[in-house]
2 protein chains.
Amino acid sequence: MPDDRISLVFAALADPTRRAILTRLTQGDATVAELAAPFDVSQPAISRHLKVLENAGLISRTRRATARLSHLEAEPLREVTAWLARYQRFWDESHERLDELLAALQGRDPEGRADAAPTNGADDGQDRDHR
Amino acid sequence: MPDDRISLVFAALADPTRRAILTRLTQGDATVAELAAPFDVSQPAISRHLKVLENAGLISRTRRATARLSHLEAEPLREVTAWLARYQRFWDESHERLDELLAALQGRDPEGRADAAPTNGADDGQDRDHR
DNA sequence: TCGTTTTAGAACAAGGTGGTTATGAAGTGC
DNA sequence: GCACTTCATAACCACCTTGTTCTAAAACGA
């Protein structure tokens, strides 16, 4: 996986264990042992999950005595949400197309889907690192 | 990577090439050759990226003559956004903490961060499959 | 200082990812 | 039917990921 910020965040979120850890952290900071408890994986495995989350900026860590506390940092999630927001109109378009389909079923023009395929201009200006 | 839906979507989005493909598809359906053009990777590599996107439900495909058109399906992005929405209040809390920090800098209580660490109750009820 | 607790790192195995090249299958059109 | 275009699949490779166990480092408490 590439090492740009948003790719790291998406990759970190692709693992259910890590998502569950983030969810747990919404209830408050926690030690490694506390985070490891619900899972039947070893402590080093959890430590590595935490490192992945930390590299993605999704958690920060502090010391308390011999323990290390993990703290949720939600800012990257905000960035991801901002990225996703650009696609929101396509959810709406799905609804429009559904309307079109219903209209078509009632009468004419059984062509449901636009076919633009402009020769190019791809990419979006913030994914400029595909290896 | 696990094979639950949301993990597949996050994993698919973790690759910049695939994100760029999705962005391209916001301009209209496209053939494999058209999608491959902006990248300096082989056609089979693009075909596999498309398969990943299809498995995640992010695109659908139809035939037109000998070509296969890819079509953006934004619904999974909506699901991801819904998942992320649960963390929105923590962005707000960051702001609250920023306010607290500013207040602290002006006077008292240099303790910036709550320390709950409730013994457990982890997981979130929709990530119930950590292998 | 020394033992205890807590966590991280090293070394290893198994499996996945993303890239390549070579080749075959599907569909069109003459 | 046959050649051509378009795409997918197979086989292979390098590397990354996730898990393991074993061990060491860090911070404390006695």
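Every chain is numbered from 1 and lettered A, B, ... according to where its sequence line falls, protein lines coming before strand lines.
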When the distance from [atom1] of [X] to [atom2] of [N] is rounded to whole Å, what number comes out?
| X | N | atom1 | atom2 | answer |
| --- | --- | --- | --- | --- |
| B:Ile59 | D:dA8 | CD1 | P | 9 Å |
| A:Ile46 | D:dG19 | CD1 | C1' | 11 Å |
| A:Asp29 | C:dT6 | CG | P | 18 Å |
| A:Leu69 | C:dA8 | CG | C1' | 16 Å |
| B:Arg19 | C:dG18 | CZ | P | 12 Å |
| A:Arg68 | D:dA25 | CZ | C1' | 12 Å |
| B:Asp40 | C:dT20 | CG | C1' | 13 Å |
| B:Asn55 | D:dT9 | CG | P | 11 Å |

Annotated protein contacts, base or backbone, on nucleotides 22-30 of chain C with a non-hydrogen cut-off under 4.0 Å, one of B, S, - each | B----BS--
Think B:Lys51 has a side-chain N or O under 4.0 angstrom from the OP1 or OP2 of D:dT9?
-> yes
At under 4.0 Å, does any side-chain N or O of B:Arg48 touch on OP1 or OP2 of D:dT9?
-> no
Identify whether the distance between the nearest side-chain nitrogen and carboxylate oxygen of B:Arg61 and B:Asp29 falls below 4.0 Å.
-> no
Taking only Lys NZ, Arg NE, NH1 and NH2, and the carboxylate oxygens of Asp or Glu, determine whether A:Glu54 and A:Lys51 approach each other closer than 4.0 Å.
-> no
Please say which of A:Leu22, A:Leu25, A:Thr26 ends up in a side chain to side chain contact (heavy atoms under 4.5 Å, CB included) with B:Phe90.
->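 The passing option is A:Thr26.
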Find out whether A:Arg86 and B:Thr23 are in side-chain contact, i.e. whether some heavy atom of one side chain is under 4.5 Å from a heavy atom of the other.
-> yes
Below 4.5 Å, heavy atoms only, C-beta onward: do B:Thr81 and A:Tyr87 meet side chain to side chain?
->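 B:Thr81 does not reach A:Tyr87 side chain to side chain.
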Got a sec, which residues hit side-chain hydrogen bond (donor to acceptor under 3.5 Å, both in side chains) with B:Ser47, two or more places apart in sequence or on another chain?
-> B:Gln43
Quick one: which of C:dA8, C:dT7, D:dT9 gets closest to the side chain of A:Ala33?
->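 Nearest listed nucleotide: C:dT7.
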Looking only at side-chain atoms of A:Ser42, point me to the closest of D:dT21, C:dG18, C:dA8.
->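 Closest nucleotide among those given: D:dT21.
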Which residue lies more 5' along DNA chain D, comparing B:Ser47 with A:Val52 via nearest heavy atoms | B:Ser47
What ring-ring contact (aromatic ring centres under 6.0 Å, His included) pairs are there with at least one residue in residues 5-38 of chain A, not counting sequence neighbours?
->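 Matches after skipping sequence neighbours: A:Phe10-A:Trp83.
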